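Working notes, beginning with the structure itself.
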Amino acid sequence: MASPIMFLTLLFSAASLIAISSANFNQDFQITWGDGRAKILNNGELLTLSLDKASGSGFQSQNEYLFGKIDMQLKLVAGNSAGTVTAYYLSSKGSTWDEIDFEFLGNLTGDPYTLHTNVFSQGKGNREQQFHLWFDPTADFHTYSILWNPNRIVFSVDGTPIREFKNWESNGVPFPKDQPMRIYSSLWNADDWATRGGLVKTDWTKAPFTASYKNFKAEACVLSGGQSSCSPSAPAGSRNSWLSEEMDSVSQERLKWVQKNYMIYNYCTDTRRFPQGLPTECKLP
Ligand SMILES: *[C@@H]1O[C@H](CO)[C@@H](O)[C@H](O)[C@H]1NC(C)=O
């Protein structure tokens, strides 16, 4: 028969495993603005942002990351969300910052959200790709992920890759790889441009608008006191580590499917916008 001590030891190690794997917004994030409009609920399991006529709200991660595979589940503003923007992104600081963006542009009830993505390196963006989604992002939580390693950035939705930005530094395209980034999110009013280019205004009679977050998960390199410590799922360099993860052929096919059926804007095909020629990375495989 197992001794009571053994039983207790088992119990404690099971508890600490759970503590490691379940994210806690109280521990991993801080609310940065919105004067009470952002809330951490259910002992840190749920975070909600809200927006009314007076203000939006936002939060940021406690940690700074230098590469990571970061998942967050979001449930977006339901009903008439026209004019609202929910931004969820990674960003470094300073005038030559790096940034990896998801932005969700609201719409009239029944009209599709636009998922806007961008990548900034050394302060320069202009790399927008926009998508509609193959589900209603306001009905349930869905997982939005960023894989950021030294070779690529992959944006995924529920495990389906929607965009890949490769490291083309050898061709002179700067790639985010030296500046640690924090995770930021905010819900704000952008009815001067967000919905149909600003034609549809926010309906304040429907305020407050709310977006919800749960199940944050990061396998990442965390910076603290100038030291970086990584949490690889498998030893670095091994095939399964996020640090060296590539897109396999199944992922490539799914990416093509999304780009063919759901992409509504791609800077790489906008020749009118770049009369001097498309950006270098658009001409590479
Ligand atoms: C809103 O719906 C219209 C009509 O379907 C669509 O053209 C547009 O891309 C949608 N999104 C935004 C943000 O306007």
Side-chain angles (χ1 to χ4, degrees), residues 17 20-23 28 61-73 88-92 96-102 115 117-122 124-125 127 129 131 142-184 215-259 263 268 279-285:
L17 272 177
I20 289 166
S21 59
S22 80
D28 299 322
S61 63
Q62 301 284 9
N63 286 327
E64 287 188 295
Y65 303 95
L66 189 58
F67 304 123
K69 186 175 187 174
I70 295 166
D71 300 343
M72 181 79 90
Q73 294 193 319
Y88 170 69
Y89 59 103
L90 294 170
S91 182
S92 67
T96 54
W97 78 102
D98 297 330
E99 188 175 315
I100 304 170
D101 287 333
F102 275 119
L115 171 49
T117 63
N118 205 353
V119 175
F120 283 71
S121 45
Q122 297 177 13
K124 197 180 147 297
R127 298 194 178 104
Q129 285 187 355
F131 305 84
H142 290 270
T143 306
Y144 301 90
S145 312
I146 293 169
L147 168 70
W148 170 38
N149 70 29
N151 302 317
R152 68 200 72 243
I153 293 164
V154 180
F155 296 78
S156 302
V157 177
D158 290 335
T160 296
I162 61 164
R163 175 173 188 176
E164 182 182 30
F165 182 80
K166 288 189 193 160
N167 184 338
W168 287 118
E169 272 192 328
S170 55
N171 296 78
V173 183
F175 183 83
K177 65 162 205 325
D178 300 313
Q179 309 190 72
M181 304 206 235
R182 278 200 160 82
I183 302 166
Y184 296 88
N215 289 336
F216 164 71
K217 196 180 124 206
E219 293 178 289
C221 300
V222 174
L223 230 71
S224 101
Q227 295 282 314
S228 165
S229 72
C230 303
S231 63
S233 55
S238 85
R239 254 185 93 71
N240 297 320
S241 168
W242 61 269
L243 259 170
S244 55
E245 189 172 324
E246 298 179 11
M247 298 239 312
D248 61 17
S249 56
V250 174
S251 306
Q252 309 248 11
E253 284 308 310
R254 298 179 82 187
L255 177 74
K256 273 193 212 141
W257 172 78
V258 173
Q259 300 221 332
M263 185 154 70
C268 274
T280 308
E281 68 273 17
C282 298
K283 295 179 270 182
L284 296 164

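Just so it is clear, the model here is predicted, and its values are computed rather than measured.
In this structure, L90 and I70 have side chains that are in contact, with non-hydrogen atoms separated by less than 4.5 Å. Counting heavy atoms from C-beta outward, M247 and V154 have side chains that approach closer than 4.5 Å. Contact check for H142 versus Q73: no side-chain heavy atoms found under the 4.5 Å cut-off. A heavy-atom distance below 4.5 Å is not found between the side chains of N215 and T143. Between C230 and S228 the shortest side-chain heavy-atom distance falls below 4.5 Å. Contact check for F216 versus D71: no side-chain heavy atoms found under the 4.5 Å cut-off. Here the side chains of L243 and P150 are in contact, with some heavy-atom distance below 4.5 Å.
Inspection of the S231 and E219 side chains reveals no N or O donor paired with an N or O acceptor under 3.5 Å. Between the side chains of S61 and R182, no donor-acceptor pair of N or O atoms lies under 3.5 Å. Side-chain atoms of T117 and D101 include no donor-acceptor pair closer than 3.5 Å. In this structure, a donor-acceptor pair under 3.5 Å is present between the side chains of R127 and S121.
In this structure, the side chain of D98 engages the main chain of Q122 through a donor-acceptor pair within 3.5 Å. Put simply, the side chain of Q129 never gets that close to the backbone of C268: no donor and acceptor are under 3.5 Å apart. Checked by atom type and distance alone, the side chain of N149 pairs as donor or acceptor with a backbone atom of N151 at under 3.5 Å.
To the nearest 0.5 Å, the span separating CG on L66 from CG on D178 amounts to 7.5 Å. E99 contributes atom CD, which lies 5.0 Å from atom CZ of F120 (distance to the nearest 0.5 angstrom). Rounding to the nearest 0.5 angstrom, the gap separating the NZ atom in K256 from the CE atom in M263 is 13.0 Å. W148 CH2 to F165 CZ: the interatomic distance, rounded to the nearest 0.5 Å, is 13.0 Å. Interatomic distance, CG of N63 versus SG of C221, reported as 11.5 Å (0.5 Å rounding). How far OH of Y184 is from OG of S91: 6.0 Å, rounded to the nearest 0.5 Å.
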Evaluate the criterion side-chain contact (heavy atoms from CB on, under 4.5 Å) for residue pair Y89 and M181; output intermediate values, then yes/no. CA-CA 9 Å; Y89 59 103; M181 304 206 235; over 6 Å; no
Test side-chain contact (heavy atoms from CB on, under 4.5 Å) applied to K177 and E169, step by step: CA-CA 10 Å; K177 65 162 205 325; E169 272 192 328; 3.1 Å; yes
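Here the shortest heavy-atom pairing between P176 and V119 reads CG-CG1, 4.4 Å. Pairing each heavy atom of L223 with each of P180, the nearest pair is CD2-CG, 3.6 Å.
Taking the six-membered ring for Trp and thresholds of 30 and 60 degrees, F155 and F102 have ring planes more than 60 degrees apart, a perpendicular arrangement.
Sequence neighbours left out, the pairs with a member in residues 153-166 that pass salt bridge (Lys or Arg N to Asp or Glu O under 4.0 Å) are R152-E164.
In this structure, W168 has its ring center no closer than 6.0 Å to that of F175.
Contacts of Y65 classified as ring-ring contact (aromatic ring centres under 6.0 Å, His included), with partners at least two apart in sequence or in another chain: none.
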